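The structure under discussion appears below in the form of structure tokens.
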Amino acid sequence: MNIKLKLYASLMRYLPDDVADRHTAVLNVPEGMTPAKLIEDRKLPKESCFLVLLNGVYLTPAERETRQIQEGDAVAIWPPIAGG
Amino acid sequence: MQKSLLMIPSKCTGCSQCELACSYAKEEAFNAAKSRIKIFDFPEKSRHVPYTCTQCAEAWCMKACPVDAISEDKKTGAKIVSAELCVGCKVCTIACPFGTINYQQDTGKVVKCDLCGGDPECVKICPTEAILYVNADATGDARMREWAAKSDEASDVTPN
Amino acid sequence: MTYVIVGAGPAGVAAAETLAKTAKGSEIILVGGEPEPPYSRMAIPYVLTGSVGEDGTYLRKTENWYEDRNIRYIHGRAESLSTGDSALRLARGEEMKFEKLLISTGARPIKPPVPGLDLEGVHHCWTLEDVRNIKGLTGEGKDVILIGAGFIGSIILEALLESGSNLTVVEAEDRMVPRMMNQVAGNMIKAWCEKKGVTVLTSTRVAGVAQADGGRLEVDLGGNKKTVDLVVVAAGVKPNADFLEGSGIEVEDGILVDNHLKTSADNVYAAGDCAKGPDYSGGWSVHAIQPTAVEHGRIAALNMAGQVTPYKGSLQMNVLDTAGLISTSVGLFDGVEGGEEAEDLNEQRFKYIRLTFKGDYMIGALTLGRTDQVGVLRGLIHTPVSLGPWKQKLMADPAKFVEAYIDRTQVI
Amino acid sequence: MGWTQKILRVNLTKGTCESEPLNMQWANDYLGSRGLATKYFVEETDPKVDPLSPDNKMIFATGPLTGTASPTSGRWTVVCKGALTGAIACSNSGGFFGAEMKNAGWDMIIFEGKSAKPVYLTIENDQAELHDAGDLWGKSVWECESELLKRHGEEGRVASIGQAGESGCLYAAVVNDMDRAAGRSGVGTVMGSKNLKAVFSRGTVGVKVKDPMGFMKATGAAKKILAENAVTGEGLPTYGTQVLMNVINELGALPSHNAADVQFDGAAQIGGEAMHAKRETDGKANLVSNAACFGCPISCQRRSQMDPNHFTVKDREKYHIVSGGLEYEAAWALGAATGVSDLETLTFCNFICNEYGMDPITLGSTVAAAMELYKVGAITDKETGGVSLTFDSPQDLATICEMTGKGEGFGKEIAMGSKRLCEKYGRPELSMTVKGQEFPAYDPRGIQGMGLTYATSNRGACHLRSYTVASEVLGIPEKTDPHVTEGKAGLVKAFQDATALVDASGTCIFTTFALSMEDIAPQINAACEGDWSTERCMEVGERIWNMERVYNNAAGFTGADDTLPQRLLKDAAKTGPAEGLVNKLDEMLPEYYSLRGWSADGVPTSETLGRLGL
């Protein structure tokens with residue numbers, strides 16, 4: 001199935017070369033993929049995956065382990081950041 | 001091995017914490033205007049440069065002092081001003097080609113960096129490690145020394 | 001080897017110390033003309049104000065400093081020199097043989113040809129002895145005239161003002177510190193002094209001094225007369241080189257030396273205020289300033305000890321505190337033909353910067369009302385530092401000279 | 001200590017500058033800066049005063065930590081009755097001016113009255129003097145500051161207003177150090193109304209603290225936490241506040257096109273990452289570096305340089321400099337709110353805001369409102385004088401921003417702010433304001449707590465009165481769900497009180513991404529006489545909040561003003577995770593009043609006032 005992986009800030013360097021736009025890669029992943037597994041597969045530094053949104057909704061660290069990603073979903077990840 | 005201060009402008013954000021720490025250590029008040037270390041701004045390059053005495057071997061200030069008020073701290077190599085002996089004649093302030101010994105009008109004395117006896121406050125407080133206190137050989141202040149040598153009035157020294 | 005150094009000011013002491021380090025085992029004799037231990041004239045005004053004692057002027061404060069370095073310090077005044085038999089005759093008749101001699105006899109104040117300057121109550125302010133004599137004549141309610149507003153006069157001015165005396169300064173030229181400041185800066189210093197309550201009479205000559213009632217003196221200012229308690233004469237100095245008459249050593253307005261600070265005699269060197277040495281800005285000059293004296297002393301000593309050390313020349317530089325207004329001048333502040341100059345003037349705040357350039361280099365500078373990082377001016381001019389793009393930036397904003405120095409000498 | 005214990009009172013009507021001792025009882029109850037200055041203000045100023053009359057006062061204030069080695073000690077504030085809002089205004093700025101004023105020996109400067117002609121104030125340690133500013137009037141912030149530094153010393157620091165503050169733009173800012181600003185509520189307009197152009201300050205007196213050893217220990221500990229925290233130690237310095245653009249967009253809480261939408265297609269082109277990216281035109285990045293305000297180890301400031309060939313600045317060299325770059329709120333207001341996704345245009349408009357002295361949030365939001373008025377035909381080229389105001393158009397945005405700064409043409413109407421503008425053209429519902437002030441970059445439909453934040457903010461809609469985004473989005477100090485209203489009343493109250501205290505201390509609210517009150521209180525305690533325990537700090541924060549509320553109520557505001565634009569309450573979000581949601585303010589407000597100890601219509605009870613010593 002195809003999903004979108006969106007990486008921001010210092011995580012951008014972990015995007016594959018052929019990205020859809022500045023932040024987004026369309027990836028083909030097996031069914032049953034979880035955000036935690038995705039982070040592992042893509043070799044993202046886990047400690048830098050601070051904010052993980054599935055279709056814009058925040059996932060707690062526990063939910064990242066269990067929530068199954070569906071076809072067409074977008075997983076967006078940020079390192080620790082803030083603004084104001 | 002004596003240590004010296006190494007400034008890394010690319011890491012400096014211009015926050016003034018070094019000036020604050022220095023002024024508190026030396027003046028007992030937060031007062032960047034009286035810090036021995038100063039940050040210079042280069043807006044066009046978006047750079048900030050912490051700047052203070054490199055304790056140069058030539059020690060222009062020490063040589064120029066007419067009243068023996070500047071001496072070398074044997075432990076750190078710092079050139080130290082004795083406020084008691086300084087008469088405030090300011091000759092050192094024009095003799096030092098780096099401009100890092102300065103006259104304070106309210107006290108009538110000159111002041112300069114003394115390396116805080118070997119534990120520089122500016123180094124401890126810098127949040128970005130833009131100021132380091134490291135072995136003199138590693139500082140790359142060879143460049144500063146090179147400039148110091150260039151200012152030497154003896155253009156060439158040939159031992160016989 | 002026997003080294004004799006005649007004159008125990010900064011040049012003589014620096015030379016003696018350099019010899020002690022580089023010519024170990026030699027005999028080093030330092031001859032001082034005054035009864036005190038070697039001291040600095042720079043500190044004289046501070047004795048007058050009382051901010052330091054006489055011992056505060058001593059060039060070296062450590063006990064047995066000279067003895068510990070095998071430097072024999074003796075008191076004596078040079079009477080004559082015979083280069084043929086390498087002998088220096090002192091005033092007491094003593095004759096000293098030397099193998100190498102350094103003349104670092106400094107300078108002494110000039111007494112201009114004005115009638116009455118020999119009267120009691122007329123003093124120089126040059127030696128510790130002078131200070132002792134002046135001290136009682138200054139203070140609240142005392143009237144003092146200072147003749148000469150050159151560098152030395154202006155330094156003394158502050159001390160006299162601080163004593164609370166009513167002070168009048170008389171300067172023959174059209175501005176204060178004429179040799180160290182240009183018209184703009186000189187006028188500003190004058191305005192500052194007037195603000196501080198000093199009467200400043202420029203383009204004025206003292207016609208004569210006469211005795212008045214009660215031990216006071218009447219000073220004739222060319223028609224206008226003033227009665228005062230003290231007249232201080234600071235009308236310039238000249239090298240102490242009279243004793244060289246007949247020695248064959250060439251003297252103009254200073255003892256002529258080559259770029260190793262050697263005089264016209266092979267084994268005789270000269271250093272400090274008495275020497276006309278290589279001028280970094282071109283030609284040969286007497287730079288009667290502390291840093292030059294020390295450098296002269298050091299370099300002459302190295303050459304005397306056989307370490308051939310050419311001298312790239314001293315840079316004229318001065319720093320002056322005139323009643324709290326601090327000024328500096330470095331190098332060719334008037335500029336040169338074909339050169340350029342930049343100024344930043346704020347008369348209201350008594351701030352002034354003037355920089356002069358030739359090609360890619362700074363060659364001179366004047367500042368008023370600035371104390372921070374002024375040494376950089378010396379660095380820029382004397383190193384010298386190629387200015388590159390900073391030349392135009394300094395032309396537009398002369399105050400940025402520290403930034404220019406940092407940017408051109410460090411990797412930023 | 002910590003305080004200099006000296007206040008400068010400048011009567012502009014009489015032209016006098018007088019020193020007076022600080023009221024130490026008030027200092028003990030209100031700490032400093034926002035708290036203490038507001039105390040002075042409410043004691044001395046009639047709540048009904050017209051903000052632009054000479055009877056409105058304006059106070060420049062520092063906190064006890066301002067100018068010390070406490071991390072982020074550069075903060076200072078301007079307190080007055082806001083020109084834009086008519087409510088109590090306290091705008092907070094960084095840079096170096098505040099520390100310089102403190103180092104000159106002053107906790108506060110109280111300006112009263114109105115000068116007959118333009119003047120500026122200089123402070124050099126204990127010397128304060130008013131000077132004629134006739135030749136500076138009409139000059140921009142950049143020109144005025146450069147001139148004053150030239151005139152009075154490059155070592156000094158300047159806070160000034162630009163042409164916007166002079167001409168009565170209702171959201172004029174007081175700008176210091178060229179591009180730091182006390183931006184909101186029209187404090188610069190009040191300054192302009194007093195014919196006060198600028199304040200130059202130079203200080204060499206020094207700032208002392210009560211217990212130096214304890215202070216260095218407490219500030220050292222705080223700095224360590226800031227350095228080791230991933231947000232303050234790395235995230236903010238690298239990406240600045242602008243990193244939020246994509247986060248908030250992804251979350252469906254980025255108001256765009258005057259809050260008609262909650263997501264913006266161009267977000268990725270105007271966010272923090274885009275500022276790092278090399279431009280196609282000249283191969284250079286918009287962002288040159290980060291930089292710090294006085295005493296700040298975080299260093300989140302953006303320094304930007306535009307493409308010199310961009311249409312906004314071609315052949316206009318004064319804009320080719322490295323200057324204060326886009327922060328998140330400005331990029332949102334000038335960009336997402338108006339639909340403009342050209343980073344260079346937004347940078348230009350941000351420069352314009354600094355140069356002319358305007359609040360970019362209100363400017364951008366007002367332009368967005370005008371664009372909607374234009375779109376719906378409520379205004380046409382006839383009203384705008386031929387200026388097109390089309391959503392998404394960089395050209396239109398750049399043109400109208402510059403006209404507003406200069407006070408030219410339709411820019412004069414944009415200068416009124418969106419509330420007055422939309423009322424004038426018969427569509428008040430298109431103004432995205434609370435108490436007359438435009439809300440910033442977080443859509444309360446997607447982040448519920450921010451709805452309550454905006455509605456109850458004492459200075460009109462604002463994110464810097466209780467930044468619940470920290471909790472609802474970033475999980476600081478702990479994560480809450482942005483879509484629920486439960487618990488938000490308590491969250492907002494806690495954030496409001498803590499923020500008031502941090503503002504009063506003279507440090508930056510950004511420290512609270514890493515520091516808790518347990519880290520801040522010991523710094524205050526070591527700097528100041530008196531008891532500054534964590535509990536007492538929170539109590540002082542609550543006292544400040546209630547004092548501001550009491551003043552606003554006396555000024556004529558009521559619970560009815562604690563509301564949001566109808567669009568946020570009625571028109572559901574159309575896209576994103578918050579699709580279908582409106583802000584449910586009515587679920588939060590009564591609980592909030594109750595937690596505050598206020599009556600059901602938003603009036604602090606006498607019991608609450610008594611408890612807080614008000």
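Below, chain A is the first sequence line, B the second, and so on; all start at residue 1. Owing to the predicted nature of the structure, the values given are computational and were not obtained by experimental measurement.
Only the side chain of B:P9 comes within contact range of chain C, with at least one heavy atom under 4.5 Å from a heavy atom of that chain. Within the 4.5 angstrom heavy-atom criterion, only side-chain atoms of C:Y46, from C-beta onward, approach chain B. With a 4.5 angstrom heavy-atom cutoff, C:N318 touches chain B only via backbone atoms. Residue C:V402 touches chain B through its side chain alone, counting heavy-atom pairs closer than 4.5 Å. Both the backbone and the side chain of B:C89 come within contact range of chain C, with heavy atoms under 4.5 Å apart. Of the atoms belonging to C:V374, heavy atoms from both backbone and side chain fall under 4.5 Å from chain B. Residue contact with chain B, scored on non-hydrogen atoms closer than 4.5 Å, involves the backbone of C:T57 exclusively. Looking at C:I412, the atoms closer than 4.5 Å to chain B (heavy atoms on both sides) sit in the backbone and in the side chain alike. Of the atoms belonging to C:V52, it is side-chain heavy atoms, and not backbone ones, that fall under 4.5 Å from chain B. With a 4.5 angstrom heavy-atom cutoff, C:T62 touches chain B via backbone and side-chain atoms both.
B:D114 pairs in a salt bridge (Lys or Arg N to Asp or Glu O under 4.0 Å) with only one of the listed residues (B:R36, B:K79, B:K26), which is B:K26.
At a threshold of 4.0 Å, the pair C:E17-C:R60 counts as salt-bridged, since one of the basic side-chain nitrogens sits closer than that to a carboxylate oxygen.
The closest side-chain donor-acceptor pair between B:Q55 and B:K112 falls under 3.5 angstrom.
Between C:T371 and B:Q104, every side-chain heavy-atom pair lies at or beyond the 4.5 Å cut-off.
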